[in-house]
Each structure stands twice: as structure tokens, then as C-alpha cells.
Asker: 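I have a structure here, written as C-alpha cells, and I will follow up with some questions on it.
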2 protein chains.
Amino acid sequence: MSVDGDRRRGPERSRRLPREVRERQILDAAVRVFSEHGYHYASMDEISDVAGVSKPMIYAYLGAKEDLFTECIRREAIGLMEAISKGVRSELTPDMQLWHGLDAFFGYVDDHRESWLVLHRQATSAGGPFSRQLLEMRARAITLIDALLTKTASSEGMDSQARKGTEAHAAALVGACESLADWWLDHPDIPARVLATRAMNLVWMGFGDLMEGNVWTPTHPES
Amino acid sequence: MSVDGDRRRGPERSRRLPREVRERQILDAAVRVFSEHGYHYASMDEISDVAGVSKPMIYAYLGAKEDLFTECIRREAIGLMEAISKGVRSELTPDMQLWHGLDAFFGYVDDHRESWLVLHRQATSAGGPFSRQLLEMRARAITLIDALLTKTASSEGMDSQARKGTEAHAAALVGACESLADWWLDHPDIPARVLATRAMNLVWMGFGDLMEGNVWTPTHPES
DNA sequence: ACGTAGCCTTACTCCGGAGTAGGTAGCGGA
DNA sequence: TCCGCTACCTACTCCGGAGTAAGGCTACGT
């Protein structure tokens, strides 16, 4: 029984491959395993097993466990950012840019659930040097969105009041999207585009209202 | 040098206290340490040290590390829910209920950053049995908010279109708040009420627009 | 006075898993 | 054919930290 021993091996144990290929295999395996068990419960033994490679190879090519994880984060973060960049074409109007960005984001998460898990859930919590990469990425996203909102706000003739709030608004949007993505992992039946549209409406409409001075206050008279 | 050894001890090592008190001390210490280092990097030794108690006491009273952590989650989750419940008085209009709930939430996070850290960041990522508690709490929050939105939607005479989206909208709100709270940890200078108001505007206004059929679409003609 | 119950400690065991030492196998060049 | 280089593996070491065995002190009941 338990013929199981090596069922999870990835590539058929092939020999003497160039370093580049091995590194890819290892990183792929690492992302798989980290996303499945979380950083701490993932063992180097399992990663090496899944990669179809022995443990010392990992240390030789990618370094210690922390380094390996960091490299995973880096690679996946770059992938995500590239995916989003492809969506945001600067000749479009701000709202279209935002929408395409959102669409690309949810599309990426849809296609790379494991990557997203590693990137967001794991890196966020396994504190220290790991979250750096994340915070940086998030900061870039916020800045980008802030720029779009600001552009719209000024072209729409709005200032002071609405303007100073754009960054927090952008942060809220980013946060909302991250959470939506996480929530989505447990409700996989919803198509990506629907999520993107929902996020868009959530924020863009609220933002439009803000710009028009249409603000809810605790003493709101309605209903 | 390093007279430091026991500087972090909490209560002045006092003897023969009743079990009830010790349990409180231990849980307090555990929340402190878990929030500071994260579940895995937190050691039982440090917790016992901070609690001013020896390690076997923890095992005698609260059980293994997992049990201890679970108990922390439980206690803090109950605390948060109670704080929110105090805000939401059912004789108010839905929008006021929502606003008081949000205000209570951000107020709680403001007063209990450590608790929130443990509750959200740690429990979310240190997967398995821990996140149960969280998912359950979140689910309750979503249901509650969904009810408020639905009530408003129907009293406002809206149906089908807007109605089926309320749950996802509620999920988005919850997610947005969680992220706002996390983001807030790194921007502590903002008062809680401002965050609550911002969240309220983000969602309520967007929701109002949705109900009025004022929806953004990719082919939106504006600007 | 003496038992006993429960608070509390020191000083261990033990193991999973990170990281490594040292050797083998196949390939390119002379 | 031999050298040596690089890809690669087996088989360890070693340690942090979870969990525990075994007993000491104090208070109270009788």
C-alpha cells in the first residue's frame, strides 16, 4: 500500500538539465506547496519532492527557505503587475483605464489562484521581510489609482474637498479588491468580469457622488 | 549588561492566584505575543514569560499551543462582536444602524490593535482550524449587512436587479473594512470616525446608485 | 497535627525539519 | 583515455521549541 510515495512528483525525474530550467521547476513547486500549506507548514523536503529534485539543489540555486519564498513572491508579484499593465492603456479615459485594470486583476487571480494565495494570504501574514514586496506593490497600485481619480477629479472641476480624499479612496479600492479576491476563492462560481464590474461600481459611483458633494452624514435626513 | 532578562514580565510575579485570574493573564500575554511575532514565531516560553507564569501552567489551564491560539481568537472575536452589537440598535433606520456598526468596528480596532492583528492577520493566514472562527464571524457580519441593504432596497421599491447583488455588495463592504483597518495600522494618525464615514460613503452611495439603476458599464458614455 | 488538594516550578525529553558534508555520474575537451 | 567540471544525490547533523515528569510549597479542613 501507499504506492503513493512519489505520486506528486512533477516532471518525470529527468537528468542534467540546465540551471535555468531547474530554477523554474523549483519555483513552480515552491509556489504550489507554499500556497497549499502556508509558509511555515511547507517543508523543503516536500518542495524538492514536488519539483522532482533533491533538497541540496534548492539550496544551491535559490538559497535558504526564506530566500526561496522571497523569490516566489517576487516572481508572482511581477507577473501580476505585468498582467495589469497590459490592461491599462494610457490613451484611454481614466474610467476605462481603471476598469481594464480591475478586469486584468481579477482575470489574473482567476487564472493563478495559487499565485494569488501565496502572494496575498501568505506573504501578508508571514511578516517581516516578506511583506515588503507586497506593501511596495500595493503602494504602487494605490498611487496609480490615485492618479486616475485625481485626473478625473480635476477634469471634472472638483478640488480641495474631494481631492485630499483620493488617496484614501484609492487605498479603500485596493483593499476592497484584495478582499473581494480572497472572498472569491471560496465562491469560485462567479465570473471574473462580474467581480471587476462590481468593484468598479462600488468605487467609481461612490467617487462620483463624493465629487458632486453628495455625501452621507450621520444626520442624513433620508428615509 | 542585559539586566533585560525579565523586563517584559507583566504582573509582578505573585503567588498562588486563583485559576480564573491566571487564565486571563495567560490569554492577555498570548494575544500580545501572537500579535507581535505571529503564530508560528511565537514561542510558548515567551508567552509564559510575559504572563509571569511557568510553561506547564499554560498546558495545565489552556492546553497545547493550538488550543491556546484558538481560545485567543474566540475571546477577541466575541469582544469585537459585542462592541459592534452595542452600536447597532435595531430601532434605528438601516443606514444609521450600518453607520453605528461601522463606527463601533473602527473604534474597537482603534482601541485593540493587538487583538485585531491576532484576529485578522494571524488567524486568516495560519490556516486550518483557526480561520473557521474568522470565517464564521465574517459570514455573520455579511448576513447582517445584507439584511440592512435588503431592507433598504425593498423599502425603496427596488427589486430583482439590485436585490440579488446585495450579498456580494455586503461582502465587498466587509472586505473593504477589513482592508481599511489593516491599512490603518500603518497610518495611525487618522481618527476612527473618519474611517467609518469613508467606508459608509464608499458603500452606501455606491449602493444608492445601484438601486437607482445608475450603473457604470464599459461602454459608459460619460467624459 | 496531619492529610490532601491544588497552585506552581525546575529541568528535562524528543522530534520535525532546516541546512550540509561528501561522494557519484555523465559530458566536454585534450 | 584521462582530466576535470558541473549537475546531482544520499545520508547525515543539529537545534529550536513543543510538550512533560516529577516533585515542592501553601492553605485549608478536620
Side-chain angles (χ1 to χ4, degrees), chain A residues 5-6 8-27 29-30 32-34 36-72 122 126 128-130, chain B residues 5-6 8-30 32-34 36-72 122 126-130:
Chain A
D6 55 357
R8 2 182 353 108
R9 273 190 215 291
E12 263 312 315
R13 195 63 87 122
S14 45
R15 306 219 153 233
R16 299 191 75 74
L17 297 177
R19 173 171 185 146
E20 205 183 324
V21 177
R22 285 297 190 205
E23 283 189 356
R24 273 202 42 160
Q25 288 178 355
I26 294 171
L27 283 176
R32 271 267 292 285
V33 176
F34 282 137
E36 195 171 345
H37 302 307
Y39 175 72
H40 289 280
Y41 288 125
S43 76
M44 296 299 268
D45 284 297
E46 183 174 353
I47 292 173
S48 70
D49 196 48
V50 171
V53 144
S54 74
K55 210 163 31 141
M57 292 298 310
I58 301 182
Y59 287 88
Y61 287 164
L62 280 310
K65 193 181 184 185
E66 284 200 354
D67 303 323
L68 177 60
F69 188 58
T70 304
E71 190 54 32
C72 289
Q122 296 309 322
F130 306 132
Chain B
D6 55 357
R8 1 183 352 109
R9 274 190 213 289
E12 264 311 316
R13 194 63 85 122
S14 46
R15 307 220 154 232
R16 300 191 72 73
L17 297 177
R19 173 172 185 147
E20 205 183 325
V21 177
R22 285 298 189 204
E23 283 190 357
R24 273 203 42 160
Q25 288 178 354
I26 293 171
L27 282 176
D28 290 344
R32 273 267 292 285
V33 176
F34 281 138
E36 195 171 343
H37 302 307
Y39 175 72
H40 288 280
Y41 288 124
S43 75
M44 296 298 269
D45 285 297
E46 181 173 356
I47 292 174
S48 71
D49 196 47
V50 170
V53 142
S54 72
K55 208 162 35 138
M57 292 299 309
I58 301 181
Y59 286 89
Y61 287 164
L62 280 311
K65 194 181 183 185
E66 284 201 353
D67 304 323
L68 176 61
F69 188 58
T70 303
E71 190 54 32
C72 289
Q122 295 310 322
F130 306 131

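Chain letters run A, B, ... following the sequence lines, proteins first and then strands; every chain starts at 1.
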Asker: May I have the step-by-step check of side-chain contact (heavy atoms from CB on, under 4.5 Å) for B/Glu36 and B/Tyr41, ending in yes or no?
Answerer: CA-CA 9 Å; B/Glu36 195 171 343; B/Tyr41 288 124; over 6 Å; no
Asker: Specify the separation, in whole Å, of atom CG of A/Asp67 and atom C1' of C/dA18.
Answerer: 13 Å
Asker: With sugar-phosphate meaning primed atoms plus P, OP1 and OP2, does A/Met44 contact a base, only sugar-phosphate, or nothing at under 4.0 Å between heavy atoms?
Answerer: sugar-phosphate
Asker: Roughly, in whole Å, what's the span from OH in A/Tyr41 to C1' in D/dG17?
Answerer: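 Those two atoms, OH and C1', are 13 Å apart.
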Asker: Applying a 4.0 Å non-hydrogen cut-off, can you work out what B/Ala60 is touching in the nucleic acid: base, sugar-phosphate, or nothing?
Answerer: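 Here B/Ala60 touches no strand at all.
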Asker: Between atom CG in A/Asp49 and atom P in D/dC8, what is the gap in whole Å?
Answerer: 16 Å
Asker: A/Gln25 CD to D/dA7 C1': how many Å, rounded?
Answerer: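 A/Gln25 atom CD is separated from D/dA7 atom C1' by 13 Å.
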Asker: Out of curiosity, A/Lys55 NZ to A/Ile47 CD1, how far, rounded to the nearest 0.5 Å?
Answerer: 10.5 Å
Asker: Which pair of heavy atoms, one from A/Ser54 and one from A/Ser48, lies closest together, and at what distance?
Answerer: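 The pair with the smallest heavy-atom distance is C-CB, 3.9 Å.
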Asker: Would you say B/Arg19 places a side-chain N or O within less than 4.0 Å of OP1 or OP2 belonging to C/dC7?
Answerer: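 So the side-chain polar atoms of B/Arg19 never come under 4.0 Å of the phosphate oxygens OP1 or OP2 of C/dC7.
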Asker: Just how far, in rounded Å, is P of C/dG17 from NE2 of A/His40?
Answerer: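 Distance, rounded to whole Å: 13 Å.
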Asker: Tell me the closest heavy-atom pair linking A/Ala30 and A/Cys72, and the distance in Å.
Answerer: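 Closest heavy-atom pair between A/Ala30 and A/Cys72: CB-SG, 3.5 Å.
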Asker: Could you state the interatomic distance from CZ (A/Phe34) to CG (A/Leu27), rounded to the nearest 0.5 Å?
Answerer: 9.5 Å
Asker: Tell me: CG of B/Asp45 to P of D/dC15, nearest whole Å?
Answerer: 17 Å
Asker: Requiring both pairing distances under 3.5 angstrom, list the stems that contain DNA chain D and are made of three or more consecutive Watson-Crick or G-U pairs.
Answerer: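 Stems for DNA chain D, defined as runs of 3 or more consecutive pairs: C:1-30 with D:1-30.
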Asker: Under the rule for side-chain hydrogen bond (donor to acceptor under 3.5 Å, both in side chains), what residues qualify as partners of A/Arg19, not counting sequence neighbours?
Answerer: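 side-chain hydrogen bond (donor to acceptor under 3.5 Å, both in side chains) check on A/Arg19 returns A/Glu23.
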Asker: N/O contacts under 3.5 Å, protein versus nucleotides 20-27 of chain C?
Answerer:
unit_1, atom_1, unit_2, atom_2, d
C/dG26, N2, A/Arg16, NH2, 3.4

Asker: Whole-Å distance between D/dC8 P and A/Ile26 CD1?
Answerer: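 Nearest whole value for this atom pair: 9 Å.
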Asker: Below the 4.0 Å mark, does C/dC7 have OP1 or OP2 next to a side-chain nitrogen or oxygen of B/Tyr61?
Answerer: yes
Asker: Take atom OH of A/Tyr39 and atom C1' of C/dG17, then tell me their distance rounded to the nearest Å.
Answerer: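 It works out to 12 Å between those atoms.
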Asker: For residues 61-69 of chain A, which side-chain N or O atoms pair as donor and acceptor with protein atoms under 3.5 Å away, sequence neighbours left out?
Answerer:
unit_1, atom_1, unit_2, atom_2, d
A/Lys65, NZ, A/Tyr39, O, 3.1
A/Lys65, NZ, A/Ala42, O, 2.8
A/Asp67, OD2, A/Ala64, N, 3.2

Asker: Which heavy atom of A/Gln25 sits nearest a heavy atom of A/Leu17, and at what distance?
Answerer: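 Distance-wise, the nearest heavy atoms are NE2-CD1, 3.8 Å.
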